[in-house]
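Worksheet: the structure to be examined is printed underneath.
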Amino acid sequence: MDRWDERGFDRVETYDVADCGIGSVRHRASPGGTSASIAGGNRTLPLIDALSRARIGLLHLDREQRALNVNARFCELTGRRAADLSSLSLESFIHADDLPQVLATYRAHMARSAPFEVETRFIRPDGSVIWCEVNVSFVCDSAGIAASTITLAQDVTARRAAEAELRESEEHYRHTVELNPQISWTARADGQIDAVSSQWTVVTGGEACDAMGGRWLASLHPDDVAPTESIWAQAIATRGTVDVEYRLRTPHCGYRWFRARAAARLDAAGEVLRWYGTLEDIHDRKLTEDALRESEERFRLAAHAAGLGIWDYDALGDRREWSDEFKAMLGLPLSQPASVDVALALVIPADRHRLQALVSAVEAGDGNHRFETMLRIHRADTGEERWIKTGGWRIEAPSGVLSRVLVTTRDVTEERTAEDRIRFAAHHDALTGLPNRAAFGERLESAIEQAERLGHGLALVLFDVDHLKETNDTVGHDAGDVVLRTFGERLRGALGDHCALARLGGDEFGAVIEHDGDAGRVIASVQAALRVVREPLSHDGRILDCQATAGGSLFPTHGANAAELLKSADIALYAAKAQARGSLATFEPHMRADLQRRSSMLSIARDVIRDDRLMPFYQPKVALDSGHVCGFEALLRWRHPSLGPQSPATIAAAFEDLELAIDLSEQMLSAIVADMRRWLDDGIDFGRIAFNLSPAEFRREDLADRILGRLVRARVPVERLELEVTETVFVGRGAECVATTLETFSREGVHIALDDFGTGYASLTHLKAFPVHTIKIDRSFVSNLDTDPGDAAIIDAVVALGHRLGMTVVAEGVETAAQARYLLDRGCDMAQGYLFGKSVPRELVPDALHRAMAMRQVGWR
């Protein structure tokens, strides 16, 4: 403290600061006054400074309630100046509802000079109220009488609000459970029931304890115990959901059917924390279902015996009856009365004579006989043409008079058209109605033969619908189907009738386009078609992506047969997807080599991941003003069995593949976190480790949870990690999710660095919109710093921009002392490059720190 009462004290007093966890306060008399400090570790900090940093208010009053000391935090809590706190009564800033208890507590403890703690509300002059936890201690003189009072106050408003909200949530949950007609229950991870709602007692008549553990099984029907136990055990073993029906004993109705459903709540590691379930009474539904099944079975047998639809004519009573199935077959309402005229009106004119002849023959018949005919009708409701097979019997009475005509009918449209449908299905895609791959292959072969015979030109174009998988995953497969159907319709309309179009499967379409030798016109028409199909598509209130990428090949330039043309077009399509989605690429020979090189990279990457051959190297980052190593950038390397460490450029294609990029990142991150944990255990101050995230990784919704969870499990402070991203993540697909992910990292304490700044296409507005802490100047600007004034000007601008935005600026690729001096003179904060050290494996990181220390001692400047 700055001062005590002028009288001072004649001895040292030691007292605890009301369980604040900051040590003990010592009062020491001295000629210039008494000071107070906190003993902590192997150094002593002024008490007021420590309390201020801890956000704890301090007020020290003498016997006359004069303020001996008060810190800024106490003034902030009470909303008053330090000078106003002298002789200020408690009534002035303690809430009126709390004042009686506070005064009583204060007086009782002051009489014994005993410290106490209380929570109360402070009223500020502006009328605002905050909750504070107040610790009061008394400093006694040599006679044991309280000479002064030390009050510590800490704002607990947020905690009190959270507690109130929690109590309200618990009360809300309790009422919800009590009013729910279903039986709610929870179980431990091993499946033992540990809580049930009060509905258990209402339904079963038993106590809640009868359901605990595994005792609930005693209430089940004996026949249901074993199957239920098996399903429950399977769910526990697999962490899957439970959905089982069984009979439960009730006090007045015997056994009733219930449906039990449950799901597990898992922790970050996928282990079960608790099971949550419900029991729903489905007894009435089960009875209804049983009765319905019996009725449906009788109906099925009757309909089968009657030949589905029935037309019954009682000639003696002149009554006609049609079964409901027959009316439905004709598309008539069930209330429609039977009538020959109605039936005749539905038969198509070309077949109407058949039914009329049949009716006449039956009426004039000569004894019992069977008859049959086939005719077509137009359904009364839809007008759809259907084939109906009609058969029946003419029954006469013993006197020879017609007594009854029983007619059975059956819709045989599917049978009549089965051959056509089979033939169509064999050559067409069911979703789009376009020819399929088999038909397209035949059409391509035929087109090649015709082009050879007539000397015409021929182009083969393959289309790939972009991002269909993302549409299926995020919106649903029904939306994906809409995209495919719409794409097929738009493409067919854009290319016209002069081409053969087909869906080859999945998201791939193909077109064979004949031309008169002007390949440029074909290319222009395909490019125009790509612009047409990418028009926005609305489905259920959402805009869907209908863009496509195309690759083409020309006959005979790029292939003399169908297989060669397809291969060339496929390679061109692959190149187009890698370079510029939404465009058309025509095959060129070098594309084949590019494809082979990319395929080789992907194969190598898979082997590296499978054999766990990733190994991070670490390049130091140095503070230019001091030469101190502030951290390292983790750079990916992988071990070749004979060539040793290899650079990431040898597997660059893998970083564009979502699955491989994530697998590489997982292994890299796992190694980095393990290294950081090892260095922390060894007491090595390595600063902050920077780790590069590929754009593909931002397509994973669990990116933040995955990285933060790994740090937590390894007990590595999150502020030890820095994530480096390039500008492409701000403008690529899914950029709207990038901000949320980066905000999550930043909020948790992870630093974000923008790598290769100035080489991408992001707007400067992204520096404001995204939580970026560090800008990294690309090495391409640093390497020509000495000779290119333009690069120097860019560096000056980036450093000034970064500092104006409150960001740290790091220069990459620093190799000479002259470059370092220039950067230092311009205010650049940090640098990395060969001048300060190459990247090294984890074992050499301590040596890199020592070399940097030696460099500081010698001086690189």
* Please lay out, stage by stage, how Cys828 and Met830 fare under the test side-chain contact (heavy atoms from CB on, under 4.5 Å). => CA-CA 6 Å; Cys828 184; Met830 289 186 285; over 6 Å; no
Any donor-acceptor pair under 3.5 Å from [X] side chain to [Y] backbone:
X      : Y      : value
Arg534 : Gly582 : yes
Asp611 : Arg613 : no
Asp702 : Asp705 : no

Exercise: identify the closest heavy-atom pair between [X] and [Y]:
X      : Y      : result
Asp791 : Phe781 : CB-O, 3.3 Å
Ala811 : Leu823 : CB-CD1, 3.5 Å
Pro620 : Gln832 : O-CB, 3.3 Å
Ala831 : Leu624 : CB-CD2, 3.7 Å
Gln819 : Ser783 : NE2-O, 3.7 Å
Met807 : Val772 : CE-O, 3.5 Å

* To do: In sequence, state the C-alpha distance, the side-chain angles, and the governing distance for Val799 and Ile777, and then conclude on side-chain contact (heavy atoms from CB on, under 4.5 Å).
  => CA-CA 9 Å; Val799 172; Ile777 302 175; 4.1 Å; yes
* Quick one: which of Leu669, Ile672, Leu636 gives a side chain to side chain contact (heavy atoms under 4.5 Å, CB included) with Pro616? -> Ile672
* To do: Kindly determine whether Val810 and Ile775 satisfy side-chain contact (heavy atoms from CB on, under 4.5 Å), including the steps that lead there.
  => CA-CA 6 Å; Val810 181; Ile775 296 176; over 6 Å; no
* Go through the steps to decide whether Arg73 and Glu76 satisfy the test salt bridge (charged side-chain N to carboxylate O under 4.0 Å, His left out), and finish with yes or no. => CA-CA 5 Å; Arg73 180 56 178 164; Glu76 180 183 346; 2.9 Å; yes
* Structure fact -> Those residues at least two apart in sequence (or on a different chain) that pass ring-ring contact (aromatic ring centres under 6.0 Å, His included) with His477 are none
Side chain proximity check, [X] to [Y], heavy atoms < 4.5 angstrom:
X      : Y      : value
Phe745 : Leu708 : yes
Phe770 : Ile752 : no
Phe463 : Leu573 : no
Glu812 : Asp778 : yes
Leu664 : Leu614 : yes
Thr744 : Val750 : no
Leu693 : Ile707 : yes
Leu566 : Asp570 : no

Could you state the interatomic distance from [atom1] ([X]) to [atom2] ([Y]), rounded to the nearest 0.5 Å?
X      : Y      : atom1 : atom2 : answer
His773 : Leu742 : NE2   : CG    : 10.0 Å
Ile662 : Leu703 : CD1   : CG    : 8.5 Å
Ile571 : Leu462 : CD1   : CG    : 11.0 Å
Ser583 : Gln547 : OG    : CD    : 8.5 Å
Phe691 : Met668 : CZ    : CE    : 6.0 Å
Gln154 : Leu58  : CD    : CG    : 13.0 Å

* Asked: Applying salt bridge (Lys or Arg N to Asp or Glu O under 4.0 Å), which residue pairs with at least one partner in residues 678-694 are found, sequence neighbours left out?
  -> Asp675-Arg678, Arg677-Asp681, Asp685-Arg720
* Quick one: which residue pairs count as a salt bridge (Lys or Arg N to Asp or Glu O under 4.0 Å) with a foot in residues 629-640, not counting sequence neighbours? => Glu633-Lys776
* Go through Asp612 and Gln667 one step at a time and tell me if the side-chain contact (heavy atoms from CB on, under 4.5 Å) criterion holds. => CA-CA 7 Å; Asp612 194 16; Gln667 285 196 9; 3.2 Å; yes
* Audit row: Glu722, Lys621, salt bridge (charged side-chain N to carboxylate O under 4.0 Å, His left out) steps and yes/no -> CA-CA 12 Å; Glu722 180 176 79; Lys621 292 194 291 188; 2.7 Å; yes
* Asked: Just checking, is any N or O donor in the side chain of Thr549 or Asp466 under 3.5 Å from an acceptor N or O on the other one?
  -> yes
* To do: Consider only side-chain N and O atoms of Trp638 and Thr650, and report whether a donor and an acceptor are under 3.5 Å apart.
  => yes
* Structure fact -> So the side-chain hydrogen bond (donor to acceptor under 3.5 Å, both in side chains) pairs with at least one residue in residues 795-808 (sequence neighbours excluded) are Asp796-Tyr822, Asp796-Arg826, His803-Asp829
* Looking at residues at least two apart in the chain, or sitting in another chain, which of them share a salt bridge (charged side-chain N to carboxylate O under 4.0 Å, His left out) with Glu271? -> Arg239
* Asked: Got a sec, which residues hit salt bridge (charged side-chain N to carboxylate O under 4.0 Å, His left out) with Arg779, two or more places apart in sequence or on another chain?
  -> none
* Does a sphere of radius 6.0 Å around CD in Glu719 hold more than 12 heavy atoms from other residues, nucleotides or ligands, not counting ones at 6.0 Å or beyond? -> yes
* Atom NZ of Lys577: over 12 foreign heavy atoms under 6.0 Å -> yes
* Pair listing, ring pair (Phe, Tyr, Trp, His ring centres under 6.0 Å) test, anchored in residues 568-596, at least two apart -> His558-Phe587
* What pairs of residues pass the ring pair (Phe, Tyr, Trp, His ring centres under 6.0 Å) test when at least one of them lies in residues 651-679, not counting sequence neighbours? -> Tyr618-Trp679, Trp679-Phe686
Side chains of residues 602-610: which donor-acceptor pairs under 3.5 Å do they make with residues two or more places apart or in other chains?
unit_1	atom_1	unit_2	atom_2	d
Asp607	OD1	Arg610	NH1	3.3

* **With Val712 via side-chain contact (heavy atoms from CB on, under 4.5 Å) - residues at least two apart** => none
* How would you list, by chain and number, every residue that makes a side-chain contact (heavy atoms from CB on, under 4.5 Å) with Pro846, sequence neighbours excluded? -> Ile684
* **Any residue meeting side-chain hydrogen bond (donor to acceptor under 3.5 Å, both in side chains) with Thr787, in chain and number order, not counting sequence neighbours** => none
